[in-house]
*Asks:* 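What follows is a structure written as structure tokens; I'll ask about it next.
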Amino acid sequence: MIEIIEKAKMQHALTKQEIIALLEVPAIDEELAAAADAVRQKYVGDEVHLRGLIEFSNVCGRTCRYCGLRGANKNLKRYRMEPETILDLARKAAGYGYKTLVLQSGEDAYYTAPKMEHIIREIKKLDLALTLSIGEKTTEEYRAYKRAGADRYLLRIETTNSELYKNMHPGMSLENRLRCLNDLKLLGYEVGTGCLVGLPGQTLAMLADDILFFKAIDADMIGIGPFIPNQDTPLAGEAGGTFELARRVMAIIRLVLPDINIPATTAMETLNKNGRIIGLQSGANVVMPNVTEGEYRKLYALYPGKICMNDTPAHCRRCITGKIQGIGRQIASSQGNRKKFAKE
Ligand code: SAM
Ligand code: SF4
Ligand code: FES
């Protein structure tokens, strides 16, 4: 097993069987994490990039079976921010020193392409890198956002297994998800994707396929989250993913895609109170602190136990800075593009 890790550390390539072997053996977790940490340091350095996350609407027309924002969930009070409110939060985020903003929401038809373009143009005046995470759109819409100035797009594939994908996403298809990711690549976005770990019926072989898919499309950013069951969804009674397996998946991704951006995700910290720091020491180099304010934070309820629910953006900025400095790493002062996109 140690030879497989050593090989991946040097060659950044693994077979499906090797990935499965690494995923199923908890005994080598520390060796795997140490190898991922070394590759992270060699290729992307010790700096940690912070992305300020604005959750601007929890209205969603989809019904992904794992997600608390699914349109069919009637137990959630819905909100959407007006463009001016979003811009106000964006200005504050710039004031806190964030160099990248992530605008995330459910798939909310209220935000038409012209509305999004206006928001994007105004945010770009703040000299920030801008990531969108607003779901599946048409090619034309993706083109319009890019023209308006959006730099990056986050759209997790969630799972590359078409049966499981269909099961988890009523009325959606893996084909359209792939079309979206392909469009985003061709349009010149830095493309972020990723998967959920621990979906009901998911096997280690499927996770190995996910990892090989990320490598095949040469994704620029990969976010991995354990699936956390939400009581207001059809998957309420499921077991959910574990922190340990999500960490293993993340570490393997760093070994095979050495120069990409990998966030230590909020969902990882939900399952382990030191989850983001452990993530940063197991291959990750990005954290996405929340800059959403007030009641909205609580209403963006994807899964229970989400961290920072009662905290302010200013508090989170200080908190995460302290934690990162506490492990001898620094907050980056650049926008943190993947190196091949670097304009800095
Ligand atoms: N609507 C957009 C989309 O689906 O791409 C962006 C927002 S969506 C809430 C962001 C991510 O939340 C999804 O890609 C999914 O992986 C994650 N998510 C949703 N429900 C979750 C759950 N119960 N546990 C962990 N992650 C979850
Ligand atoms: Fe909507 Fe995204 Fe949640 Fe699916 S994962 S229900 S698209 S917010
Ligand atoms: Fe929000 Fe620590 S990052 S309280």
*Asks:* Tell me whether E18 contacts the main-chain N or O of I5 through its side chain, where contact means a donor paired with an acceptor under 3.5 Å.
*Replies:* no
*Asks:* Does the pair Q41 and D46 meet the rule for a side-chain hydrogen bond (donor to acceptor under 3.5 Å, both in side chains), with working shown?
*Replies:* CA-CA 6 Å; Q41 187 177 43; D46 278 339; 3.2 Å; yes
*Asks:* K77 and E295: salt bridge (Lys or Arg N to Asp or Glu O under 4.0 Å), yes or no, with the steps?
*Replies:* CA-CA 10 Å; K77 182 174 153 196; E295 193 200 15; 2.8 Å; yes
*Asks:* Under 4.0 Å between a Lys/Arg side-chain N and an Asp/Glu carboxylate O for E55 and K306?
*Replies:* yes
*Asks:* Please lay out, stage by stage, how K166 and E158 fare under the test salt bridge (Lys or Arg N to Asp or Glu O under 4.0 Å).
*Replies:* CA-CA 11 Å; K166 239 190 262 155; E158 316 290 4; over 6 Å; no
*Asks:* Any salt bridge between E47 and R329, counting N to O under 4.0 Å?
*Replies:* no
*Asks:* Would you check if there is a donor-acceptor pair between the side chains of T139 and D183 at a distance under 3.5 Å?
*Replies:*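 Yes, T139 and D183 have a side-chain donor paired with an acceptor closer than 3.5 Å.
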*Asks:* Starting at CD of E141, measure out to CG of L132 and round the result to the nearest 0.5 Å.
*Replies:* 11.5 Å
*Asks:* Do N310 and K298 have a side chain donor and acceptor closer than 3.5 Å?
*Replies:* yes
*Asks:* Between N261 and D220, is there a side-chain donor-acceptor contact under 3.5 Å, judged purely by atom types and distance?
*Replies:*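 Per modelled atom types, D220 and N261 side chains form no pair under 3.5 Å.
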*Asks:* Using a strict cut-off of less than 4.0 Å between a Lys/Arg side-chain nitrogen and an Asp/Glu carboxylate oxygen, indicate whether R276 and E269 qualify as a salt bridge.
*Replies:*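 The answer is yes: the pair qualifies as a salt bridge.
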*Asks:* Parallel, tilted or perpendicular for Y145 and Y153, by the 30°/60° rule?
*Replies:* parallel
*Asks:* If the threshold is 4.0 Å, N to carboxylate O, is there a salt bridge linking E107 and K137?
*Replies:* no
*Asks:* Going by heavy atoms in the side chains, are S162 and L174 under 4.5 Å from each other?
*Replies:* yes
*Asks:* Taking the six-membered ring for Trp, are H12 and Y43 ring centroids under 6.0 Å apart?
*Replies:* yes
*Asks:* Whether D37 and K9 form a salt bridge (side-chain N of Lys/Arg under 4.0 Å from carboxylate O of Asp/Glu) is what I want to check.
*Replies:*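 Result for this pair is no, no salt bridge flagged.
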*Asks:* Taking the six-membered ring for Trp, are the ring centroids of F56 and Y111 within less than 6.0 Å of each other?
*Replies:*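 When the ring centroids of F56 and Y111 are compared, they turn out to be within the sub-6.0 Å range.
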*Asks:* Do Y300 and Q104 have side-chain N/O donor and acceptor atoms under 3.5 Å apart?
*Replies:*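 There is such a pair (donor and acceptor under 3.5 Å, judged by atom type) between the side chains of Y300 and Q104.
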*Asks:* Salt-bridge test for K92 and E293: reply yes if a basic N is under 4.0 Å from a carboxylate O, no otherwise.
*Replies:* yes
*Asks:* Can you confirm whether M10 is buried at CE, in the sense that more than 12 heavy atoms of other residues, nucleotides or ligands lie under 6.0 Å from that atom?
*Replies:*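 Not buried by this count: 12 neighbours or fewer within 6.0 Å.
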*Asks:* With distance as the sole criterion, is a donor-acceptor pair present between the side chains of T100 and R152 under 3.5 Å?
*Replies:*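 Result is yes, a qualifying pair exists.
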*Asks:* For the NZ atom on K115, are there more than 12 heavy atoms of other groups (residues, nucleotides or ligands in this structure) within a distance under 6.0 Å?
*Replies:* yes
*Asks:* Under a 3.5 Å cutoff, is there a donor and acceptor pairing between the side chains of R254 and N285?
*Replies:* yes
*Asks:* Answer yes or no for R317 and Y98: cation-pi contact, defined as NZ/CZ to six-membered ring centre under 6.0 Å and angle to ring axis within 45°.
*Replies:* yes
*Asks:* Is any side-chain N of the basic residue among E117 and R143 closer than 4.0 Å to the acidic one's carboxylate O?
*Replies:*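 Result for this pair is no, no salt bridge flagged.
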*Asks:* Give a yes or no on this: more than 12 heavy atoms of other residues, nucleotides or ligands lie within 6.0 Å of atom CZ of R147.
*Replies:*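 Not more than 12 within 6.0 Å, no.
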*Asks:* Donor-acceptor pair, distance only, cut-off 3.5 Å: does the side chain of R297 make one with the backbone of D311?
*Replies:*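 Yes, because the side chain of R297 sits within donor-acceptor range (under 3.5 Å) of the backbone of D311.
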